[in-house]
Amino acid sequence: MSTTSTDLLAGLNPEQVRAVTAPAGPTLVIAGPGSGKTRVLTHRIAWLISEQGIPAWRILAVTFTNKAAREMRQRVEQLISTGAAAGMTMGTFHSFGVRLLRENPGLLADRLGVLRNFTIYDDADQQAILKQVIANIGRDPKDLPPRRVQSRISAYKSGLIEPADAAETAATYDDEVMARAYAEYQRLLRRANAVDFDDLLILPIKLFDTAPEVLEKYQDRFEHILVDEYQDTNRVQYVLVEALAQKHKNLFVVGDPDQSIYRWRQADIRNILDFQKSFDQAQRVDLEVNYRSTARIVAVADNVIRLNRDRIDRKLRTDNDDGDQVSIRELADQQHEADFVVSEIRRLMRDRNLNGDDFAVMYRTTAQSRVLEEAFRVSDLPYQIVGGVRFYDRKEVKDVLAAFKLIVNPNDTISIERVIENMPVGRGLGPKAMETIDQWSIVTRRTPLDGLIAVARNELDAPQLSGAARTAAIKIGAAYDELQKLEQIEPLTDLFDAVVRLTGYRDQLAHGDDDQLERWENVLEVRADMEKYDELEPGEALAAYLEQVALVADVDSLDDDSRGRVTLITLHSAKGLEFPVVFITGLEEGLLPVSRAVEAEFTDPAAIEEERRLFYVGITRAEQLLYITYVANRLTWGRYQPGVASRFLDSLPHEHVRDLGRRSTVSPRGGMSLTGRAQTLSGLSMSTLKPAPIPPKAQVRAWSAGEKIFHPKFGEGTIIEVQERRGDQELAIEFTRHGQKRLLASLAPIELITD
DNA sequence: GAATGCATGGTTTTT
DNA sequence: CCATGCATTC
């Protein structure tokens, strides 16, 4: 046993040891980026089990993503044995919440009115239900956008505010409308036997309120609770954790206030800042030594985050080598930006013998990923995208999943609408027929689908419908009658085959045009996805699969087969990850900081600070090399908009920064304001950077033979001849891949390759 | 009820 | 620019 102890603590620095071996009681670990946070958490758990004799099943660890939970489990298993680590509860707040609900189906149904076969509604489902809500309260989605209502409801829920409280405290007309919408939303949600993401945290709390003996059971069980990324927890999560830790008070939380980036999701930074006030005699350990990044990267990160006013002053330290300077590069537009990233990665792979998976390309908004993805697609570099158009968000995937959800939960109104609208089995049933069925279902006191199943079995008279609608209604009832039976006895993939057959979806897609065939391919991927659930008991497999689908995060898709691939990822999703080489793209006003934060600059300065933290998160993902790019012109909604370099570039200390220079040509759309742009640059953002000479009035640089250039269409090439033509130059260029071309310097979108 | 065509507006970030 | 939603037509 004692040898295990030394093994466990070997290689940890004194602060890390202090955290890992912290005595019982509430503990706060403030962990700077790259300071070994995950190590501390995994070693702490291993230490608790092997040294303190805590049984694994009495440990609860909450992480931000399922991937983090998976990795943490593996790491603990490596430290002690797999057997010893078995039984630990690890997952996200949401998956843990679902688990609590699933473990108490009786109470859930009796006290909270949610049946055990509930459906988890995602963002799109919520939107759909909110449209109904807005109509029901007599409003128009045009002046009451579902998005707004949704975020308001989520804010209510995150603050544990009930519809009645919302109505009572409403101060304005808008508040009243929102409160009404909230109440109606809850009504429809419960009628569909569905829960939203917030419910997954709130319902357990309510469960505990109505059944203290259940809470006590969990309090007893979870002797040690550990929470990662504590800076991004919200009020509900705090209440849940606080309740569970009440008995043993062994709450070990790890986080970094400087990396709090989910304020918009009601994350409350006070949870971490006030931890020592909330929990008596909480100990605190600060991890400040960065082991991840070069000294220059650490210095740059520190300089950036220091500009936030609302923060605890801390200084990051590192013993690592200086490393290379951080590279800054301006490009003509996002096309050039993407090409630059691709060619630079290719160069580094060659010159520094790096692998694709050593690189990450980050961006603020998912929309930016498109152009980048395209550039990678035409290149031969393998890549993977995190947070683009999600697979599960594709229409055909949602359609087929809706058909499955309906098997488990026939009350799921949103799914039945989806199936009827989009699948052949619903043909013949329009809004009018649905209205009739809804009325009929109230009279027969069954859910519409249950009623139709009964009709198909000749147990009930069909609703008053015209011929075609009647046939369709019976057909759908018969289909689900059969699917419900099959679900109990068949493996999931066989059930899949039955679903696509009985809904007619296979016939529609598999025999359609190319477009439809592509959709069919995606639907088949769902089938492949289901294969790993075939070993589960029929009757349980589907619910487990649907739950997994509802709770996967974008980053969860990043797994073992990421080997060799460049990662394209949003800054938000990149939290917690690290890469030898990082590119942060789109460092422009309106993008990073995002426009909404810029607009709120004076009314809500915290918004810009959060953007700065996001930038900080991006910077601190890099181990060896960091590139920051921005463009002079960005194509948004089919228009080129002049880009303004981000204010955040000002805070980069110039001794650690290398300006790779600007684009040397006029942008392809013809002479967007290079001069105007240059003024903005030198006057505003680049002032602290190494001044790069901007030749006055020379909008087109003088080219000479022998120079290597890059052309977005033709790729790399070498200038072999230059002919002067009254203020312009005609260039003969030998392209590596496209042979010789003659181009006019003033028109060609070419750039000098500087290396 | 389905197909076609036109208008509109949308880009934060995600469990 | 694109996807979505609505209106018009058959």
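Naming: A, B, ... by sequence-line order, numbering from 1 per chain.
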TODO: Let me have a per-nucleotide readout for nucleotides 2-10 of chain C, 5' to 3', with B, S or -, counting only protein heavy atoms under 4.0 Å.
DONE: S--S-----

Whole Å only: how far is the [atom1] atom of [X] from the [atom2] atom of [N]?
X       : N       : atom1 : atom2 : result
E229(A) : dT14(B) : CD    : P     : 14 Å
Q150(A) : dT14(B) : CD    : C1'   : 11 Å
I420(A) : dG1(B)  : CD1   : P     : 11 Å
Q126(A) : dT14(B) : CD    : C1'   : 12 Å
R235(A) : dT15(B) : CZ    : C1'   : 20 Å
K67(A)  : dT14(B) : NZ    : P     : 15 Å
K575(A) : dT15(B) : NZ    : C1'   : 11 Å

For residues 198-206 of chain A, which side-chain N or O atoms pair as donor and acceptor with protein atoms under 3.5 Å away, sequence neighbours left out?
unit_1: D198(A); atom_1: OD2; unit_2: S154(A); atom_2: OG; d: 2.9
unit_1: D199(A); atom_1: OD1; unit_2: K157(A); atom_2: NZ; d: 2.9
unit_1: D199(A); atom_1: OD2; unit_2: K157(A); atom_2: NZ; d: 3.2
unit_1: D199(A); atom_1: OD2; unit_2: R190(A); atom_2: NH1; d: 3.4
unit_1: D199(A); atom_1: OD2; unit_2: R190(A); atom_2: NH2; d: 3.4
unit_1: D199(A); atom_1: OD2; unit_2: D196(A); atom_2: N; d: 3.2
unit_1: K206(A); atom_1: NZ; unit_2: E162(A); atom_2: OE2; d: 3.0

TODO: Pick the P atom in dT13(B) and in dT4(C), then give their distance to the nearest Å.
DONE: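 Pairwise P distance, dT13(B) against dT4(C), rounds to 16 Å.
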
Task: Test: E601(A) and R647(A) ion pair at under 4.0 Å - done: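 Salt bridge flag = yes for R647(A) with E601(A).
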
Open item on the list: Under a plain distance cut-off of 3.5 Å, with no hydrogens placed, do Y630(A) and E589(A) share a side-chain donor-acceptor pair?
Closed with: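 Not at all, the side chains of E589(A) and Y630(A) share no donor-acceptor pair under 3.5 Å.
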
TODO: Could you verify whether a donor N or O on one side chain and an acceptor N or O on the other, from Q368(A) and T365(A), lie under 3.5 Å apart?
DONE: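 Side-chain D/A pair, Q368(A) to T365(A): present.
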
Non-neighbouring partners of [X] that pass ring pair (Phe, Tyr, Trp, His ring centres under 6.0 Å), sequence neighbours left out:
X       : result
Y627(A) : F583(A)
F615(A) : F648(A)
Y616(A) : none

Task: Residue whose closest nucleotide on DNA chain B lies nearer the 5' end, D198(A) versus A433(A) - done: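 In this pair, the answer is A433(A).
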
TODO: Examine R235(A) relative to Y238(A) and say whether NZ or CZ is less than 6.0 Å from the centre of the six-membered ring and inside a 45° cone about the ring axis.
DONE: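 No; the conditions do not both hold, so R235(A) does not lie above the ring face of Y238(A).
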
TODO: With ring pair (Phe, Tyr, Trp, His ring centres under 6.0 Å) as the test, would you mind laying out the steps for F64(A) and Y230(A) before giving the verdict?
DONE: CA-CA 9 Å; F64(A) 206 70; Y230(A) 194 68; over 10 Å; no

Heteroatom pairs (N/O) under 3.5 angstrom, protein to nucleotides 7-13 of chain B:
unit_1: dG10(B); atom_1: N1; unit_2: W637(A); atom_2: NE1; d: 3.4
unit_1: dG10(B); atom_1: N3; unit_2: W637(A); atom_2: NE1; d: 3.3
unit_1: dT12(B); atom_1: OP1; unit_2: R596(A); atom_2: NH1; d: 3.2
unit_1: dT12(B); atom_1: O2; unit_2: R364(A); atom_2: NH1; d: 2.7
unit_1: dT12(B); atom_1: O2; unit_2: R364(A); atom_2: NH2; d: 2.0
unit_1: dT13(B); atom_1: OP1; unit_2: T366(A); atom_2: N; d: 2.5
unit_1: dT13(B); atom_1: OP1; unit_2: T366(A); atom_2: OG1; d: 2.8
unit_1: dT13(B); atom_1: O4'; unit_2: R364(A); atom_2: NH2; d: 3.3
unit_1: dT13(B); atom_1: O2; unit_2: W264(A); atom_2: NE1; d: 2.9
unit_1: dT13(B); atom_1: O2; unit_2: R364(A); atom_2: NH2; d: 2.7
unit_1: dT13(B); atom_1: O2; unit_2: H572(A); atom_2: NE2; d: 3.4

TODO: Check every strand shown and say whether R427(A) touches a base, only sugar-phosphate, or nothing at a heavy-atom separation below 4.0 Å.
DONE: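 Sugar-phosphate, backbone atoms only, no base.
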
